[in-house]
Structures are given as structure tokens and as C-alpha cells.
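Data block below; observations after.
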Amino acid sequence: MNIFRILGDVSHLLAIIILFLKMWQSKSCAGISGKSQLLFALVFTTRYLDLFTVFISGYNTVMKLIFLLCAYVTVYLIYGRFRKTYDSENDTFRLEFLLVPVIGLSFMKNHDFTPLEILWTFSIYLESVAILPQLFMISKTGEAESITNHYLFFLGLYRVLYLANWIWRYHTEKFFDQIAVVSGIVQTIFYFDFFYLYITKVLKGKKLSLPMPV
């Protein structure tokens with residue numbers, strides 16, 4: 001554990017709380033990609049199967065349970081309680097374009113060819129692209145609510161802090177996980193344009209607008 005890992009977890013949790021409060025207080029999931037949230041729920045499910053086999057620490061176990069619970073509650077709110085406000089017409093990203101290559105890559109590039117390890121690897125690869133349906137939805141509508149922008153900012157910040165965590169661990173422990181690091185870099189790259197717009201527009205009180213796809 002180090003400060004970057006802890007801050008990354010806090011940022012990740014804060015992003016989820018912001019999203020949850022946005023939906024609960026407004027009684028609406030408008031502007032939120034249900035497909036991205038389904039992918040994140042799948043990410044946590046396949047990654048945290050070791051809850052039944054390995055105990056690392058109380059902190060680790062509690063955080064895993066919180067992320068799992070929040071992921072499933074979010075999916076329920078979108079497709080259950082607030083389904084009438086779900087914008088399915090604009091949440092149209094084809095998930096098979098992500099799932100098929102991620103599944104294939106998980107079998108080809110992993111640390112150990114065992115069921116749990118393949119599922120863990122699948123979760124790492126899938127997390128790196130799980131936000132794409134949300135970004136695609138924003139680009140399709142041309143803009144996003146401020147709360148959605150804050151959610152995306154803290155989600156992206158979580159990845160940046162985890163990159164710092166890996167750099168710290170490499171220098172202090174000589175630990176380097178190629179799969180996690182490369183996937184984390186890919187995921188962070190997806191947020192670069194959003195970070196720029198967030199800093200130059202959202203923080204100045206302006207509405208964030210993205211170019212409409214042709």
C-alpha cells in the first residue's frame with residue numbers, strides 16, 4: 001500500500017458515489033450509459049472472484065465488497081428503478097466490439113492459464129475499455145451534465161493515480177505487472193481529451209460539449 005494506491009481507491013469510490021447520488025437525487029439516469037455500467041459490473045465480478053479463495057487484508061476485502069455492491073446497485077437503478085429515464089436511443093455502442101477481442105486477448109496473454117487468472121486478466125483488459133460506451137454516448141448527444149462530468153473526472157483521476165502507484169512500486173519494490181500497467185495506460189489515454197475539456201470548460205462553469213459524430 002502507498003499513498004497513490006489509497007488516493008486512487010478514494011477517487012474511484014468518490015466517482016461511484018457521485019454517480020449514485022446523481023441518479024438517486026434526480027430520480028433519473030439520463031445521460032448515463034447503462035452499457036458502461038454493465039461492463040464495470042462484469043469487471044468487478046470477474047476480478048474479485050478471489051474473495052472466496054484469498055484473504056489479503058481487511059481493507060482489500062471491504063473495498064472489493066463495496067465496489068461489487070455499488071456496481072450492481074447502479075445497474076439496478078438504470079435498468080430497474082429508473083429505467084423510464086434511461087436514454088437507450090443514445091446508448092448504442094456495440095458491446096461485442098469490446099467483449100470479443102478482450103476475451104480473445106485474455107486467453108492469449110495472461111500470467112497463468114488457469115480459470116481464475118484468465119478471468120482476472122479479462123477484467124483488467126475490459127476495464128481499460130469499459131468507459132467507451134459512456135464517452136460514445138456523450139459524443140453522440142454532444143454534451144454531458146456537470147455531475148456526469150465530475151464522475152468521469154474522478155474515474156479518470158483514479159487511473160492516473162494508479163499509474164503513479166505502479167511507478168512507485170517499480171522504484172520501491174521492483175514490481176512490474178505488464179498486463180495491468182499497459183491496460184492502465186490505454187485506459188488513461190481515453191480520458192486525455194475529456195481532462196482537457198473538463199479543466200478548460202467545466203471548472204470555469206461552462207458546459208462541456210463534444211463534437212457530434214458525422
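In this view, Tyr79 and Tyr86 satisfy the ring pair (Phe, Tyr, Trp, His ring centres under 6.0 Å) rule, not counting sequence neighbours. Residues satisfying the ring pair (Phe, Tyr, Trp, His ring centres under 6.0 Å) test with Phe44, not counting sequence neighbours, are His12, Tyr48, Phe67. Legend: residues meeting side chain to side chain contact (heavy atoms under 4.5 Å, CB included) with Thr53, ordered by chain and number and at least two apart, are Asp50, Leu116.
No donor-acceptor pair under 3.5 Å is formed between the side chain of Gln187 and the backbone N or O of Leu126. Judged by distance alone, with hydrogens and angles left aside, the side-chain atoms of Gln37 form no donor-acceptor pair with the main-chain N or O of Val75 at under 3.5 Å. Without hydrogens or angle criteria, Ser36 side chain to Gln134 main chain gives a donor-acceptor distance under 3.5 Å. No donor-acceptor distance shorter than 3.5 angstrom exists from the side chain of Asn110 to the backbone of Ile118, with no hydrogens or angles considered.
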Subject >> Lys27 vs Trp24, side chain to side chain contact (heavy atoms under 4.5 Å, CB included): CA-CA, chis, key distance, verdict >> reply: CA-CA 5 Å; Lys27 307 299 180 185; Trp24 190 258; 3.9 Å; yes
**OP:** Would you sort out whether Leu51 and Leu68 count as a side chain to side chain contact (heavy atoms under 4.5 Å, CB included), showing the intermediate values?
**Re:** CA-CA 11 Å; Leu51 274 170; Leu68 278 169; 3.7 Å; yes
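Taking a 6.0 Å sphere around CZ of Phe176, one finds it holds more than 12 heavy atoms contributed by other residues, nucleotides or ligands.
Lys84 forms no cation-pi arrangement with Phe82, by the criterion of a distance under 6.0 Å to the ring centre and an angle within 45° of the ring axis.
With hydrophobic clusters built from ILVMFWY side chains whose heavy atoms lie under 4.5 angstrom apart, Tyr125 does not share a cluster with Leu49.
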